[in-house]
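Presented below is the structure to which this report refers.
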Amino acid sequence: MLRPARKFRRLRNSTALAAVSLGAALALTSTTAQAVTPAPRHYVALGDSYAAGAGVPGQSGGLCLRSDHNYGHLVAGALKAGTYTDVTCSAAKIKAMTQPQYDAVIRVNDPQLDSVGADTDLVTLGIGGNDLAASDLGLAELVATCVAGAVVNPLGTPCRDVYNHGYWDLGTLSWRYGNDDLAERIRTTIAPQLADTLQRIHAKAPGARVLLVGYPSVLPADGSRCVLRQPVTPGDVAYLHGVLDKLNAAMKSTAAANGATYVDTATPTLGHDVCSGDRWIEGALPGSPAVPFHPNATGEQVMAQAVLAALK
């Protein structure tokens, strides 16, 4: 049997080795990207809190919570961009591309597309998640609904019951579902608005390479992995995992139909979700600096690596 001190040394060495391996992989990808991708003259990063790196040090941009270690900053540094403009902002919905963004009565950000011009030759756009919710709370609404529901119905699917209109059918004596509001918003609201945004970017910057960055693996497919780890029921974890899969699929097809490159960040973050023992996306109680249910510094690094790979 290993003594505690020896166990700790092995765990510490294993963790250090993992960090070194990730750093080496990022360095190799960055070097390769530089070798095949010309340095952009003007790179503009657009998007929401996942693109902003909300909560990851160091923070700037007021309530927008932009990190100087978000994936946009890392990509700009790797490519040695001539000019880098980061207008990402937490809580942004797609309408924030063309309208000012407010928090209550406080104006927190100008229309993000105002930063894209004829000289822009690289754009990353990561947005759409907050549009899953009807309210201005965005993803925070979904989190609050799911967590509150788990308190009163810990063995059921309270979150799915709200958005998928679950009800007990007396005729069949079974639980049935109606229209899925979240899937409907992806189809009728998010996808069309993303298509319009991509077309607007092309119109403002005809020569720009445009990348639509998907969402990472926030939740596992197997909800049982989250038992006693996160305050969401296993059934709702599986449901929300499916919703994010639908969102990413819609983003991928929308990018393909509108002259953009889709960046898959779900695959490289697989197994490092909020219920993992090695989290790259933090949970309700973050273990490293990040807004709950958002990527930490490692998550942003892995997303940057995915963007760089897509630029090859």
Can a donor-acceptor pair be found, under 3.5 Å and without considering hydrogens, that links the side chain of [X] to the backbone of [Y]?
| X | Y | value |
| --- | --- | --- |
| Thr157 | Gly235 | no |
| Gln101 | Ser90 | yes |
| Asn248 | Gly214 | no |
| Glu282 | Phe293 | no |
| Asp273 | Cys275 | yes |
| Ser276 | Asp278 | yes |
| Thr233 | Gly156 | yes |
| Gln230 | Val227 | no |
| Asn258 | Thr254 | yes |
| Arg185 | Leu132 | yes |

Scan side-chain atoms only and decide if Thr83 and His42 contain a donor-acceptor pair under the 3.5 Å cut-off. no

Side chain proximity check, [X] to [Y], heavy atoms < 4.5 angstrom:
| X | Y | value |
| --- | --- | --- |
| Leu46 | Met97 | yes |
| Asp236 | Pro158 | yes |
| Asn179 | Asn164 | no |
| Pro216 | Met303 | yes |
| Leu113 | Pro111 | no |
| Val302 | Thr265 | no |
| Pro100 | Asn109 | no |
| Leu125 | Ile201 | yes |

Leu63 reachable from Val87 in the ILVMFWY side-chain graph, under 4.5 Å edges: no

Check the pair Ile190 / Ile94 against side-chain contact (heavy atoms from CB on, under 4.5 Å), numbers first and verdict last. CA-CA 8 Å; Ile190 296 174; Ile94 300 173; 4.1 Å; yes

In plain terms, say whether Asp180 and Arg160 are close enough for a salt bridge, that is, a side-chain N and a carboxylate O under 4.0 Å apart. no

Taking Asp131 first and then Lys93, would you say they form a salt bridge - that is, a charged N and a carboxylate O separated by under 4.0 Å?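 Salt bridge: no.
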
Rounded to the nearest 0.5 angstrom, the SG-CG distance for Cys226 and Leu219 is 6.0 Å

Once rounded to the nearest 0.5 Å, what's the spacing between atom CZ of Arg107 and atom CG of Asp103? 14.0 Å

Can you name the closest pair of heavy atoms from [X] and [Y] and give their distance?
| X | Y | result |
| --- | --- | --- |
| Gly61 | Arg66 | CA-NH1, 3.7 Å |
| Ile186 | Lys246 | CD1-CB, 3.9 Å |
| His69 | Pro57 | ND1-O, 3.6 Å |
| Ala133 | Leu142 | CB-CD1, 3.7 Å |

Please work out whether the ring planes of Tyr84 and His73 are parallel, tilted or perpendicular, with thresholds of 30° and 60°. perpendicular

The test is side-chain contact (heavy atoms from CB on, under 4.5 Å); show your working for Leu122 and Thr120 and say whether it passes. CA-CA 6 Å; Leu122 176 62; Thr120 304; 5.9 Å; no

Single hit among Tyr50, Trp280, Tyr71, Tyr215 for side-chain contact (heavy atoms from CB on, under 4.5 Å) with Pro295: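 That would be Tyr50; it is the only one of Tyr50, Trp280, Tyr71, Tyr215 passing the side-chain contact (heavy atoms from CB on, under 4.5 Å) with Pro295.
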
